[in-house]
Enquirer: 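Okay, here's the structure, questions in a sec.
Worth saying up front: this structure is predicted, and the values here are computed from it rather than measured. Basis for what follows: all heavy atoms, side chains included, without hydrogens, waters or symmetry-related copies. Letters go in sequence order (proteins before strands), and every chain restarts at 1.
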There are 2 protein chains.
Amino acid sequence: MPPQEHESGWIDRLRRHGDRITPSRRAVVMALTSSDRALSALEILEWARPWCPGLGIVTVYRTIERLQHLGLVQRVHGVNSCHSYIAVSDARRFMFLCERCGSADALSMPDMETMVGQAATALGFQVQALTFQVNGLCRRCQSEPAAPMAEATAVADVTVC
Amino acid sequence: MPPQEHESGWIDRLRRHGDRITPSRRAVVMALTSSDRALSALEILEWARPWCPGLGIVTVYRTIERLQHLGLVQRVHGVNSCHSYIAVSDARRFMFLCERCGSADALSMPDMETMVGQAATALGFQVQALTFQVNGLCRRCQSEPAAPMAEATAVADVTVC
DNA sequence: CTAGTTGCAAAGTTTTTGCAACGTT
DNA sequence: AACGTTGCAAAAACTTTGCAACTAG
């Protein structure tokens, strides 16, 4: 829900981690921090291109990998097609993903976290990643007839690259 | 945890649904019902080949699709590489997936189901699929040094195909 | 016999790798 | 200046499609 406030934080995080801050990375970070829904690699490319026209898909993949490694971005799985990415946030640990419009409704469930922790301990399981998703249709999309699907909004004419 | 008791049930289910029971399908069903871990399409092929030497990957994909449609099989997402499949079972709705050996420890958490249901209702969200997974290392694999990874166990010399 | 099913080969997608040029620090 | 980073082209991995032959019912 917070807008793109993440952005500078992510950049700092990358820098502190020893990664260089390039226009390409800025653009990818911008795309991911300003989207409220999960984006595929291709979508990230489209979102980021306006800010960095030369950007290539390879760099998108490589940047996603780094951001994932830093715990800033997480994978999201659709019913068909896995492999979309969204900013990690505690509030968004549990997601209701709309298959139609792509929206990701957040929900924080502290009790659930506790239960998972207890279960893991009981099993002696070392947790690396947690995926909790409910896929389906959000309230709005249940009534709508056609299929919208947030398109790569034609964004500003600013260029960082 | 139950052995391959599913098998005949799945076959019946397919038949009732109007699908034909072929040796290829039997073999894929056998692989999925007798494995206690999630298998990729390729792994299913390997597991099933001993029972049906001519089996091709295309048929594996097509059979998976049908089984998914009937709600007998569900997708499972690894940290790297999504796209493995495992038998659906209520007990296994919540899974602890070992990234090392692939084991899927089941855990039924009725309370959690309730919470999800309530949350969905509150959001007006129409649930289509539910993914709850904890990826990490199971107790055994935490201590072991090398990487085993259940291999396509050389199985019986029986052939149905 | 008929319509669903199969496996091959080929086309499509998506992701990774090799590498010389480039840009951040 | 040094070394991480980039984007292209190509390779690799993974899925789907077209189609003639096959077979379960």
Side-chain angles (χ1 to χ4, degrees), chain A residues 8 10-31 38-46 48-70 73 75-85 159-161, chain B residues 8 10-31 38-46 48-70 73 75-85 159-161:
Chain A
S8 58
W10 288 25
I11 298 293
D12 287 351
R13 198 91 197 304
L14 280 165
R15 210 190 313 267
R16 252 179 287 130
H17 189 256
D19 288 314
R20 292 188 181 168
I21 308 307
T22 65
S24 305
R25 283 184 181 170
R26 271 185 203 283
V28 171
V29 166
M30 190 172 297
L39 302 173
S40 68
L42 226 53
E43 288 172 323
I44 293 172
L45 183 66
E46 286 165 2
R49 267 263 168 82
W51 281 285
C52 184
L55 185 61
I57 188 72
V58 182
T59 301
V60 173
Y61 278 115
R62 290 194 274 227
T63 305
I64 290 171
E65 193 193 353
R66 271 186 176 69
L67 294 173
Q68 255 191 301
H69 213 245
L70 291 177
V73 151
R75 231 199 199 124
V76 144
H77 312 281
V79 167
N80 342 272
S81 88
C82 292
H83 300 199
S84 290
Y85 302 86
T159 292
V160 227
C161 179
Chain B
S8 58
W10 288 25
I11 296 293
D12 286 352
R13 198 92 195 306
L14 280 166
R15 208 188 316 263
R16 252 179 286 131
H17 189 256
D19 288 313
R20 293 190 180 167
I21 308 308
T22 65
S24 305
R25 285 185 179 169
R26 270 185 203 285
V28 171
V29 166
M30 190 173 295
L39 302 173
S40 68
L42 227 54
E43 288 172 323
I44 293 172
L45 183 66
E46 287 166 2
R49 267 262 168 82
W51 281 285
C52 184
L55 186 62
I57 189 73
V58 181
T59 300
V60 172
Y61 279 115
R62 290 194 274 225
T63 306
I64 290 171
E65 194 193 353
R66 271 186 176 71
L67 294 173
Q68 255 191 300
H69 212 245
L70 290 177
V73 151
R75 235 200 195 121
V76 144
H77 311 281
V79 167
N80 343 272
S81 87
C82 292
H83 299 199
S84 289
Y85 302 86
T159 292
V160 225
C161 178

Enquirer: Which nucleotide in the set C:dG7, C:dT25, C:dT17 lies at the smallest distance from any side-chain heavy atom of A:Arg62?
Expert: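 Per side-chain heavy atoms of A:Arg62, the pick is C:dT17.
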Enquirer: Applying a 4.0 Å non-hydrogen cut-off, can you work out what A:Ile57 is touching in the nucleic acid: base, sugar-phosphate, or nothing?
Expert: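 No contact.
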Enquirer: If you measure from CD on B:Glu46 to CD on B:Glu43, what distance do you get to the nearest 0.5 Å?
Expert: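 One finds 6.5 Å between CD of B:Glu46 and CD of B:Glu43.
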Enquirer: Hey, does the side chain of B:Arg25 come within less than 4.0 Å of D:dA24's phosphate (OP1/OP2), counting only N and O?
Expert: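 So the side-chain polar atoms of B:Arg25 never come under 4.0 Å of the phosphate oxygens OP1 or OP2 of D:dA24.
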Enquirer: Would you indicate, yes or no, if D:dT16 has its OP1 or OP2 atom less than 4.0 angstrom from a side-chain nitrogen or oxygen of B:Tyr61?
Expert: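 So the side chain of B:Tyr61 is outside the cut-off, no N or O lying under 4.0 Å from OP1 or OP2 of D:dT16.
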Enquirer: If you look at every heavy atom in A:Ser24 and A:Leu55, which pair is closest and at what distance?
Expert: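 In terms of heavy atoms, the two residues are closest at CB-CD1, 3.7 Å.
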Enquirer: Quick one: which of B:Val76, B:Leu45, B:Ile64, B:Ile44 gives a side chain to side chain contact (heavy atoms under 4.5 Å, CB included) with B:Leu39?
Expert: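 Single side chain to side chain contact (heavy atoms under 4.5 Å, CB included) partner of B:Leu39 among B:Val76, B:Leu45, B:Ile64, B:Ile44: B:Ile44.
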Enquirer: If you check the A:Val58 side chain, which of D:dG18, C:dT16, D:dT6 turns out closest?
Expert: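 Closest of the options to the side chain of A:Val58: C:dT16.
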Enquirer: Closest to the B:Arg20 side chain: C:dT25, D:dT23, C:dT16?
Expert: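 Per side-chain heavy atoms of B:Arg20, the pick is D:dT23.
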Enquirer: Could you check how far CZ of A:Arg66 sits from C1' of D:dG4, rounded to whole Å?
Expert: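 It is 8 Å, rounded to the nearest whole Å.
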Enquirer: Find the distance B:Glu65:CD to C:dT5:C1' and express it as a whole number of Å.
Expert: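 After rounding, the reported distance stands at 13 Å.
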Enquirer: Between B:Asp19 and B:Arg49, name the one whose nearest nucleotide on DNA chain C is closer to the 5' end.
Expert: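 Checking each residue's closest nucleotide, the 5'-ward one belongs to B:Asp19.
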Enquirer: What integer distance in Å separates A:Leu42:CG from C:dT16:P?
Expert: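 Between P of C:dT16 and CG of A:Leu42: 14 Å.
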Enquirer: Indicate the atoms forming the closest heavy-atom contact of B:Pro53 with B:Pro50, along with that distance.
Expert: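 Shortest heavy-atom contact: CD-O, 4.5 Å.
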Enquirer: Counting only side-chain nitrogens and oxygens, does B:Thr22 get under 4.0 Å of the OP1 or OP2 atom of C:dG4?
Expert: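 Answer no for this pair, as no side-chain N or O of B:Thr22 is under 4.0 Å from OP1 or OP2.
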Enquirer: Mind calculating the distance between CZ (A:Arg26) and P (D:dG4) to the nearest angstrom?
Expert: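 Taking atom P of D:dG4 as the reference, CZ of A:Arg26 is at 20 Å.
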Enquirer: Quiz question: going by heavy-atom distance under 3.5 Å, is there a donor-acceptor pair between the base of D:dG25 and the side chain of B:Arg15?
Expert: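 No such pair is found, so the answer is no.
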Enquirer: Expressed as a whole number of angstroms, how long is the span from B:Leu45:CG to C:dC8:P?
Expert: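 Result: 10 Å.
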Enquirer: The side chain of A:Ser24 lies closest to which of these nucleotides: D:dT5, C:dT6, D:dT6?
Expert: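 Among the listed nucleotides, the one closest to the side chain of A:Ser24 is D:dT6.
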Enquirer: Would you say C:dT14 has OP1 or OP2 under 4.0 Å from some side-chain N or O of A:His83?
Expert: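 For C:dT14, OP1/OP2 do not have a side-chain N/O of A:His83 under 4.0 Å.
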Enquirer: What distance separates B:Arg25 CZ from B:Trp10 CH2, expressed to the nearest 0.5 Å?
Expert: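 Spacing of CZ (B:Arg25) from CH2 (B:Trp10) equals 13.5 Å.
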Enquirer: Report the distance from atom CG of B:Asp19 to atom CG of B:Leu70, rounding to the nearest 0.5 Å.
Expert: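 Reported to 0.5 Å precision, the distance equals 6.5 Å.
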Enquirer: Might you point out which heavy atoms bring B:Ile11 and B:Arg26 nearest each other, and give the distance in Å?
Expert: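 In this case the closest contact between B:Ile11 and B:Arg26 is CD1-CG, 4.0 Å.
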Enquirer: How close or far is atom P of D:dA24 from atom CZ of B:Arg16, stated in whole angstroms?
Expert: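 Value for this atom pair: 21 Å.
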Enquirer: About how many Å separate CG of A:Leu14 and NE2 of A:His69, when rounded to the nearest 0.5 Å?
Expert: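 Separation between the atoms: 12.5 Å.
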Enquirer: With the side chain of A:Pro23 defined as its heavy atoms from C-beta on, choose the nearest nucleotide among C:dT15, C:dT24, C:dG7.
Expert: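 Between C:dT15, C:dT24, C:dG7, the one nearest the side chain of A:Pro23 would be C:dT24.
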Enquirer: Please report how far the helix from C:dC1-D:dG25 to C:dT25-D:dA1 bends, comparing the axis fitted to its first five pairs with the axis fitted to its last five, to the nearest 10 degrees.
Expert: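 Inter-axis angle at the ends, rounded: 50°.
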Enquirer: In whole Å, what is the span from the CG atom of A:Leu55 to the P atom of C:dC22?
Expert: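 Computing the A:Leu55:CG to C:dC22:P distance gives 18 Å.
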Enquirer: Regarding B:Ile21, tell me which of base, sugar-phosphate or nothing describes its non-hydrogen contacts under 4.0 Å with the strands shown.
Expert: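 Here B:Ile21 touches the backbone only, sparing every base.
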Enquirer: When the distance from CD1 of B:Ile64 to P of C:dT6 is rounded to whole Å, what number comes out?
Expert: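 For the pair B:Ile64 CD1 and C:dT6 P, the rounded distance is 13 Å.
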